[in-house]
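Reviewing the structure listed below.
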Amino acid sequence: AANSLSIREGATEQLEVYGLYSDMSKREVTALVNWASDDTNVVSISNAGTDKGTIQGVSAGMAEITASLDGVSASIPVVVTPPGLTEIVISPDNQTIEEQTRLTYTAQGIYSNGRTEDISTEVMWSVRDSRIATISNIENAEGVLLAQDDGSTLVRASLDGITGET
């Protein structure tokens with residue numbers, strides 16, 4: 001058995017629980033147990049249908065999840081961490097511009113709790129082929145692309161190990 005679980009705010013995870021019976025047999029009882037959270041403001045758990053045993057991180061903190069069946073119970077602490085960046089979406093998408101012209105790109109961060117936020121000034125901007133275009137990371141000019149030559153290149157924005165491109 002694990003000592004604790006960690007999940008990001010907004011994320012979900014399916015738990016499984018096994019019962020050890022007096023004949024020493026071990027059976028999965030995830031769908032049979034009654035699930036409970038001692039703080040549903042931190043982590044919730046479903047007792048419904050195919051979602052039974054699915055936890056969701058509600059807000060950062062710690063709560064205990066308990067599985068009970070026939071007077072026997074087991075608990076595990078669940079740590080909910082702040083939402084993490086899961087995707088970067090760059091706009092505008094697939095643009096064509098003339099040489100020596102500029103185009104400003106923006107980056108939207110999508111987080112594990114479903115929230116979106118403009119992260120244009122936080123990402124590291126890059127292009128695949130700097131002979132075709134350059135893109136700025138200079139303060140107050142983040143995401144400004146300058147077309148250098150004929151051709152095409154990918155525009156990338158990266159933050160916290162996540163990369164988006166267009």
Side-chain angles (χ1 to χ4, degrees), residues 1-95 103-128 135 137 142-143 145 153-166:
N3 294 334
S4 69
L5 292 173
S6 181
I7 188 170
R8 286 200 181 271
E9 184 180 311
T12 60
E13 186 172 326
Q14 175 67 49
L15 301 184
E16 289 182 344
V17 66
Y18 292 83
L20 183 60
Y21 289 83
S22 57
D23 65 359
M24 299 311 287
S25 65
K26 181 178 163 184
R27 288 180 232 140
E28 195 221 337
V29 292
T30 305
L32 302 176
V33 299
N34 183 54
W35 293 96
S37 170
D38 72 350
D39 191 344
T40 56
N41 292 318
V42 174
V43 62
S44 64
I45 187 149
S46 175
N47 271 303
T50 58
D51 288 337
K52 193 163 188 171
T54 300
I55 59 171
Q56 179 171 20
V58 178
S59 63
M62 186 155 77
E64 192 166 85
I65 295 295
T66 302
S68 304
L69 178 65
D70 297 334
V72 178
S73 65
S75 298
I76 188 165
V78 178
V79 176
V80 178
T81 57
L85 183 64
T86 58
E87 185 180 359
I88 297 173
V89 178
I90 300 172
S91 296
D93 194 25
N94 298 325
Q95 294 296 300
L103 178 63
T104 301
Y105 283 88
T106 60
Q108 288 288 331
I110 301 174
Y111 290 84
S112 59
N113 63 354
R115 182 175 54 90
T116 62
E117 181 180 313
D118 185 339
I119 56 171
S120 301
T121 61
E122 300 170 48
V123 297
M124 175 61 70
W125 291 98
S126 62
V127 291
R128 184 172 61 183
I135 196 161
N137 284 294
E142 295 95 336
L145 178 132
T153 188
L154 285 176
V155 173
R156 292 187 176 110
S158 300
L159 180 67
D160 296 340
I162 306 294
T163 299
E165 59 185 32
T166 184

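Keep in mind the model is a prediction, meaning the values are calculated, not measured.
Looking at every heavy atom in both residues, A60 comes nearest to P82 through CB-N, 4.3 Å. When every heavy atom of P77 is checked against every heavy atom of M62, the shortest pair comes out as CB-SD, 4.0 Å.
Take M124 and apply the side-chain contact (heavy atoms from CB on, under 4.5 Å) test, not counting sequence neighbours, and it matches N137. For S158, the side-chain hydrogen bond (donor to acceptor under 3.5 Å, both in side chains) test picks out T163, with sequence neighbours left out. With sequence neighbours excluded, the residues that form a side-chain hydrogen bond (donor to acceptor under 3.5 Å, both in side chains) with E9 are N113. T104 is linked by a side-chain hydrogen bond (donor to acceptor under 3.5 Å, both in side chains) to nothing, counting only residues two or more places apart in sequence or in another chain. Under the side-chain contact (heavy atoms from CB on, under 4.5 Å) criterion, E117 pairs with Y111, R115, I119, E122, not counting sequence neighbours. Shown here are the side-chain contact (heavy atoms from CB on, under 4.5 Å) partners of S25, two or more places apart in sequence or in another chain: Y21, D23, R27. Every residue two or more places apart in sequence or in another chain that forms a side-chain contact (heavy atoms from CB on, under 4.5 Å) with D118 is listed here: Q108, S120. Under the rule for a side-chain hydrogen bond (donor to acceptor under 3.5 Å, both in side chains), the partners of T54 that lie at least two apart in sequence or sit in another chain are Q14.
To the nearest 0.5 Å, the span separating CD1 on I76 from CD1 on I65 amounts to 9.5 Å. For the atom pair CD1 (I45) and OG1 (T66), the distance works out to 9.0 Å, reported to the nearest 0.5 Å. Once rounded to the nearest 0.5 Å, the distance linking CD of Q56 with OG1 of T12 reads 6.5 Å. Of the inter-residue distances, the one linking R8 atom CZ with T81 atom OG1 reads 4.5 Å to the nearest 0.5 angstrom. I7 contributes atom CD1, which lies 8.0 Å from atom CG of L15 (distance to the nearest 0.5 angstrom). Distance check: I135 CD1 to L145 CG gives 5.0 Å after rounding to the nearest 0.5 Å.
A side-chain donor-acceptor contact under 3.5 Å links T153 to the backbone of R128.
Within the 4.5 Å cutoff, side-chain heavy atoms of V155 are placed close to those of V127. In this structure, I90 and V123 have side chains that are not in contact, with every pair of non-hydrogen atoms separated by 4.5 Å or more. No side-chain heavy atom of S91 sits under 4.5 Å from any side-chain heavy atom of Y105.
The salt bridge (charged side-chain N to carboxylate O under 4.0 Å, His left out) analysis of residues 46-74, with sequence neighbours excluded, yields no pairs. Within the structure, salt bridge (charged side-chain N to carboxylate O under 4.0 Å, His left out) pairs that include any residue of residues 156-166 comprise R156-E165 (at least two apart or interchain).
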With a 3.5 Å cut-off and sequence neighbours excluded, list the donor-acceptor pairs that the side chains of residues 28-37 form with protein atoms.
| from | atom 1 | to | atom 2 | distance (Å) |
| --- | --- | --- | --- | --- |
| E28 | OE2 | T30 | OG1 | 2.6 |
| T30 | OG1 | V17 | N | 2.9 |
| W35 | NE1 | T30 | O | 3.2 |
| S37 | OG | D39 | N | 3.2 |
| S37 | OG | D39 | O | 3.3 |
| S37 | OG | V43 | O | 2.7 |

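Exactly one residue among V78, V80, V79 makes a side chain to side chain contact (heavy atoms under 4.5 Å, CB included) with V42. That residue is V80.
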